[in-house]
Amino acid sequence: MVSDMTQSHPPRITKAVIPAAGLGTRFLPATKATPKEMLPVVDKPAIQYVVEEAVSAGLHDVLMITGRNKRPLEDHFDRNYELEEALSKKGDSARLAKVQESSDLATMHYVRQGDPRGLGHAILCSAPHVGREPFAVLLGDDLIDPRDPLLARMVEVQEQQGGSVIALMEVDPEQIHLYGCAAVEDTSEGDVVRITGLVEKPEPADAPSNFAVIGRYVLDPHIFEILRKTEPGRGGEIQLTDAIQQLAVDEKIGGPVHGVVFQGRRYDTGDRSDYLRAIVRLACEREDLGPDFRTWLKGYVTEEM
Ligand code: UTP
């Protein structure tokens with residue numbers, strides 16, 4: 001079947017899907033009753049940065065894939081009348097604006113995954129909402145620094161090339177076993193490569209490159225047909241990487257797959273060390289907290305490390 005994306009006017013991307021139904025076991029016990037996506041990065045839950053990123057790339061329709069214990073995610077993007085009234089009565093307009101910010105951000109939709117059977121399965125849960133248009137996926141625990149726009153560039157590449165676009169980052173070859181890894185060919189654009197194959201978490205000796213797949217995707221809707229047929233892979237989970245590999249090897253289904261090579265700042269907030277790095281870095285750069293925090297941090301590093 002030939003993809004709709006080969007038409008001269010592909011539909012514009014308007015929808016973002018944010019999978020946030022994982023168990024977050026690396027962060028236990030904090031994630032026993034609280035979703036990891038709600039852990040604060042300075043004073044905002046990690047997930048709010050992700051929704052803000054979707055909106056700043058022009059995607060105002062956001063579908064979050066949630067599961068059990070994930071109720072706080074829905075509450076965070078809803079109104080909180082009690083708190084709003086209390087702050088209004090006090091005349092605290094600055095804090096009131098902070099409370100209202102997340103509920104005014106985007107048009108939010110939710111679907112429950114039921115059993116967390118892997119990222120591929122989570123994406124499949126978005127099929128009825130997404131329909132037949134290309135759509136973006138932003139992993140709820142992957143934080144891209146707001147000053148290094150990645151998704152907007154991916155949307156632009158998808159509009160030019162059709163098909164699907166994934167995000168890549170060069171990593172140390174010893175680290176590649178932690179990621180999906182892409183086999184690539186250069187294109188005429190410096191930050192864009194063509195994907196010829198993907199492997200999930202390869203041993204360094206088997207890795208086709210040191211390009212790691214990170215948590216942003218723009219996908220052709222044919223991915224759903226492939227996911228429906230994808231058997232559980234590594235870890236017994238339905239892997240998104242396996243389905244994108246199918247797209248990459250057979251362009252007749254859903255068009256080509258390109259990769260945008262990202263060189264900005266990115267944090268995996270589901271990993272404890274990276275989470276701490278995200279907080280320190282973003283706190284240092286904040287206008288309100290940064291000056292005091294940097295002074296303390298310099299003293300701490302020189303005196304105690
Ligand atoms: P992770 O690989 O980080 O898994 O998922 P996890 O279960 O959330 O965390 P750990 O490894 O146990 O600590 C990557 C992304 O895919 C989502 C997660 O919420 C996260 O955003 N995901 C994963 C789902 O939505 N459903 C799944 O079945 C698996």
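Counting convention: from 1, in listed order, for ligands and their atoms alike.
With a 4.0 Å cut-off on non-hydrogen atoms, A122 touches ligand 1 through its side chain and not its backbone.
The protein heavy atom nearest to atom 9 (O) of ligand 1 is K36 NZ, 3.0 Å. Scanning the protein for heavy atoms near atom 24 (C) of ligand 1, the closest one is G22 N, 3.5 Å. Among protein heavy atoms, atom 16 (O) of ligand 1 sits closest to L119 CD1, 3.5 Å. Nearest protein neighbour of atom 26 (N) of ligand 1, counting heavy atoms only, is Q113 OE1, 2.7 Å.
Considering backbone and side-chain atoms alike, P19 places an N or O below 3.5 Å from some N or O of ligand 1. Annotation: G118 places an N or O atom under 3.5 Å from an N or O atom of ligand 1; distance criterion only. Ligand 1 has an N or O atom lying under 3.5 Å from an N or O atom of L23, backbone or side chain.
Heavy atoms of G270 stay at 4.0 angstrom or farther from ligand 1. By the 4.0 Å heavy-atom criterion, E237 is excluded from the residues contacting ligand 1.
The presence of a protein heavy atom under 4.0 Å from atom 2 (O) of ligand 1 is ruled out.
For ligand 1 and E37, the ligand atoms under 4.0 Å from any heavy atom of the residue are 19 (O). Every atom of ligand 1 with a heavy atom of R117 under 4.0 Å away is listed here by number and element: 28 (O). Atoms of ligand 1 found under 4.0 Å from any heavy atom of G140, numbered from 1 in the order shown, are 21 (O).
A salt bridge links E52 and K44; the closest N-O separation between the charged side-chain nitrogens and carboxylate oxygens is under 4.0 Å. Here R286 pairs with D288 in a salt bridge; the nearest charged N to carboxylate O distance falls below 4.0 Å.
When I65, I238, T25, I18 are ranked by how near their heavy atoms come to atom 12 (O) of ligand 1, first place goes to T25.
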